[in-house]
Amino acid sequence: MGNLQAPKSIVIKGGRVIDPLTSRDEITDIYIVNGEIKAIDVGLAQQIPDVEIIDATGLVVVPGFIDLHVHFRDPGQLHKESISSGAAAAVAGGFTTVVQMPNTEPPFDSPERIHEVNKRAEQESIRILTTGTITKGRHGVEAVNVRDMAEAGAIALTDDGDFVVDTELMKKVFEHAKSLDLPISQHCEMPSLVLNGLVNTGDISARLGIAGRSNDSEIYAVEREIQLAMETNGHSHIQHVSAAGTIELIRKAKAQGVNVTAEVTPHHLNLTDHALLSGRGNLPYDTFAKCNPPLRTDLDVAACIEGLADGTIDAIATDHAPHTVKEKQTDIHSAPPGLIGLETAFSLGLKLVDNHLIDLPLLIKVFTQGPVQAWNLSNRVNIKGLGSLEVGGIADITIINLDSVWDVNQGTIHSLGVNTPYLDDILKGSIMMTIAAGCKVYEADDGS
Ligand code: DOR
């Protein structure tokens with residue numbers, strides 16, 4: 001993180017403080033000194049002289065959000081997202097720690113590239129962690145040196161965007177990663193089953209007359225990962241789960257004690273493949289809703305929510321994937337997959353709370369403690385209290401207005417990408433302030 005000067009001391013006064021680690025959910029004050037939480041108690045604002053007071057009356061105060069899965073396009077496609085513009089989008093979405101994927105140009109496939117990008121990421125006001133690839137060039141053929149990548153600072157390994165098919169290679173990678181406490185974060189879609197599929201296999205692919213990507217393509221890939229985690233005792237992290245069958249496999253594996261964790265995106269929790277049917281621009285369908293894995297059916301969405309509710313899924317991760325409007329607003333075959341997610345993530349999660357599908361503390365947990373516990377992050381990055389509101393811990397804090405609404409448009413989005421099916425919609429739930437290590441790194445413009 002950069003060298004922002006932390007104000008000496010702040011009291012956040014009178015907010016509803018929710019901390020999933022300690023099950024705290026009460027109206028109280030938080031006292032921050034030199035980037036750390038010094039005390040949490042009612043009435044601190046009155047007792048402590050010469051502090052900056054942030055009035056959080058009527059607002060919710062939670063640990064800074066953590067996202068295990070973002071795509072910044074730096075290096076290679078800075079017009080889509082740089083590390084800096086990505087960090088701006090992250091803080092506007094309430095995130096104080098994000099994990100960037102290595103499918104840049106060139107990819108992060110060597111210790112030198114991990115070093116180089118981490119050096120630049122350290123200049124930002126939030127914590128940007130970096131994954132390394134599993135294979136050189138992301139070609140799926142030759143494994144990276146796992147130890148060198150870990151020592152260079154890769155927080156996990158992934159060829160995200162692609163599944164690494166070679167099981168023998170993967171077994172060796174798992175064995176090496178195990179001894180280094182390194183998660184293998186896999187994009188689980190089996191290429192031999194995906195073929196040329198573009199959207200979920202089903203009514204919508206049939207109606208649009210385009211090839212589909214089936215649930216099976218995800219399920220077979222997840223089965224392979226779980227098998228490898230069982231055999232090696234390594235840590236398999238399943239990215240962006242989308243299919244009901246996948247969630248059932250992960251649930252069973254966890255019950256058997258397999259070291260498997262999982263994430264789900266806000267879009268797979270809220271949208272089905274029907275989102276593709278709304279026209280956008282001159283097109284009869286919405287390519288902003290094209291992503292990999294694809295949006296699926298009501299049944300799959302319900303299974304994702306159930307998996308989140310019962311702890312099968314550990315974290316919400318955005319898979320923030322900026323692309324240009326020009327690239328996206330073309331025929332569905334050519335449009336690249338992916339949608340932005342950092343700034344809409346909380347509002348989309350809040351929809352589940354407002355629909356009584358999960359409660360607010362659980363939503364906060366899957367944005368904070370969930371990812372920390374899944375990847376043992378607090379210990380691995382050596383930061384006390386990451387993802388929690390712990391006295392003596394880091395003051396990464398997000399302040400939210402649950403009731404205010406905001407327009408999703410070019411003027412409100414900080415990402416360089418606006419490729420979201422929610423563009424021009426109104427969402428409920430606004431991030432009012434983001435504090436990273438005691439510094440205010442984002443403040444909403446007008447209090448709305
Ligand atoms: O939809 C997606 N977009 N899925 C991925 O796995 C990659 C991502 C991207 O990089 O755009």
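How far CG of Leu44 is from CG of Asp41: 5.0 Å, rounded to the nearest 0.5 Å. One distance of note links OG of Ser185 with CE of Met101; it measures 5.0 Å at 0.5 Å rounding. Within the model, atoms CG of Leu389 and CG of Asp396 stand 9.5 Å from one another, a figure rounded to the nearest 0.5 Å. Once rounded to the nearest 0.5 Å, the distance linking CD1 of Ile30 with CD1 of Ile32 reads 6.5 Å. Expressed to the nearest 0.5 Å, how far OG1 of Thr232 lies from CE of Met170 amounts to 9.0 Å. Thr420 OG1 to Ile413 CD1: the interatomic distance, rounded to the nearest 0.5 Å, is 7.0 Å.
Although no hydrogens or angles enter the test, the distance criterion places no donor-acceptor pair under 3.5 Å between the side chain of Glu36 and the main chain of Val391. Side-chain atoms of Lys440 never come within 3.5 Å of backbone atoms of Met433 as a donor-acceptor pair (strictly under, hydrogens ignored). A donor-acceptor contact shorter than 3.5 Å links the side chain of Asp29 to the backbone of Gly14. A donor-acceptor contact shorter than 3.5 Å is absent between the side chain of His320 and the backbone of Gln100. When atom types are taken as modelled, the side chain of Glu124 and the backbone of Ile83 share no donor-acceptor pair closer than 3.5 angstrom. Judged by distance alone, the side chain of Arg127 and the main-chain N or O of Val98 form no donor-acceptor pair under 3.5 Å. Judged purely by atom type and a 3.5 angstrom limit, Asn401 has no side-chain atom pairing as donor or acceptor with the backbone of Ser430. For the pair Asn292 (side chain) and Pro337 (backbone), a donor-acceptor distance under 3.5 Å is absent. A donor-acceptor pair under 3.5 Å links the side-chain atoms of Thr412 to the main chain of Asp407, judged by distance alone. In this structure, the side chain of Ser82 engages the main chain of Ser84 through a donor-acceptor pair within 3.5 Å.
The side-chain heavy atoms of Leu269 and Leu352, taken from C-beta on, include a pair separated by under 4.5 Å. Side-chain atoms of Phe65 and Ile316, non-hydrogen and from C-beta on, never get closer than 4.5 Å to each other. For the pair Ile426/Trp406, no side-chain contact is recorded, criterion being any heavy-atom separation below 4.5 Å from C-beta on. Using a 4.5 Å cut-off on side-chain heavy atoms (C-beta onward), Ile435 and Ile12 make contact. Using a 4.5 Å cut-off on side-chain heavy atoms (C-beta onward), Val241 and Glu218 make contact. With contacts defined as side-chain heavy-atom distances shorter than 4.5 Å, the pair Leu182/Arg380 qualifies.
Look at Glu116 and Arg113 and you find no salt bridge, because none of the NZ, NE, NH1 or NH2 atoms lies under 4.0 Å from a carboxylate O. A salt bridge links Arg120 to Asp74: at least one charged side-chain nitrogen sits closer than 4.0 Å to a carboxylate oxygen. Using a 4.0 Å cut-off between a side-chain N of Lys or Arg and a carboxylate O of Asp or Glu, Lys428 and Asp354 qualify as a salt bridge. The residues Glu189 and Arg213 are annotated as salt-bridged, a charged nitrogen and a carboxylate oxygen being separated by less than 4.0 angstrom. With respect to the salt-bridge test (charged N to carboxylate O, under 4.0 angstrom), the residues Asp19 and Arg24 do not qualify. Salt bridge present: Lys80 and Glu327 bring a charged side-chain N and a carboxylate O closer than 4.0 Å. The pair Asp273-Lys290 does not count as a salt bridge, with every side-chain nitrogen at least 4.0 angstrom from each carboxylate oxygen. Contact check on Arg138 versus Asp109 returns no salt bridge, with no Lys/Arg side-chain nitrogen under 4.0 Å from an Asp/Glu carboxylate oxygen.
Side-chain contact check for Asp319 and His71: at least one donor-acceptor pair (N or O, by modelled atom type) lies under 3.5 Å. Counting only N and O atoms by type, the side chains of His323 and Arg73 include a donor and acceptor under 3.5 Å apart. Residues Glu225 and Gln186 have side chains that bring a donor and an acceptor to within less than 3.5 angstrom of each other. No side-chain donor-acceptor contact under 3.5 Å links Asn409 and Asp424. No donor-acceptor contact under 3.5 angstrom links the side chains of Gln77 and Glu81, judged on distance only.
Taking the ring centroids of His240 and His69, they lie under the 6.0 Å cut-off. Taking the six-membered ring for Trp, His235 and Phe174 have ring centres at least 6.0 Å apart.
Test Thr261, Asn259, Thr158 against His237 for side chain to side chain donor-acceptor pair (under 3.5 Å) and you get one pass: Thr261.
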side-chain contact (heavy atoms from CB on, under 4.5 Å) evaluation trace for Val62 with Ile397: CA-CA 6 Å; Val62 300; Ile397 296 176; over 6 Å; no
Audit row: Ile54, Lys13, side-chain contact (heavy atoms from CB on, under 4.5 Å) steps and yes/no: CA-CA 6 Å; Ile54 296 171; Lys13 177 186 145 203; over 6 Å; no
Steps toward side-chain contact (heavy atoms from CB on, under 4.5 Å) verdict (Phe346, Ile364): CA-CA 9 Å; Phe346 181 75; Ile364 302 304; 4.0 Å; yes
Full working for side-chain contact (heavy atoms from CB on, under 4.5 Å) between Glu390 and Ile37: CA-CA 7 Å; Glu390 197 180 309; Ile37 296 176; 5.9 Å; no
Criterion ring pair (Phe, Tyr, Trp, His ring centres under 6.0 Å) on Tyr422 and His267, from CA distance to verdict: CA-CA 10 Å; Tyr422 291 96; His267 40 284; 9.0 Å; no
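By the 6.0 Å contact criterion, CG on Asn382 is open, its count of non-hydrogen atoms from other residues, nucleotides or ligands being 12 or less.
Considering all non-hydrogen atoms of both residues, Ala150 and Leu180 come closest at CB-CD1, 4.1 Å.
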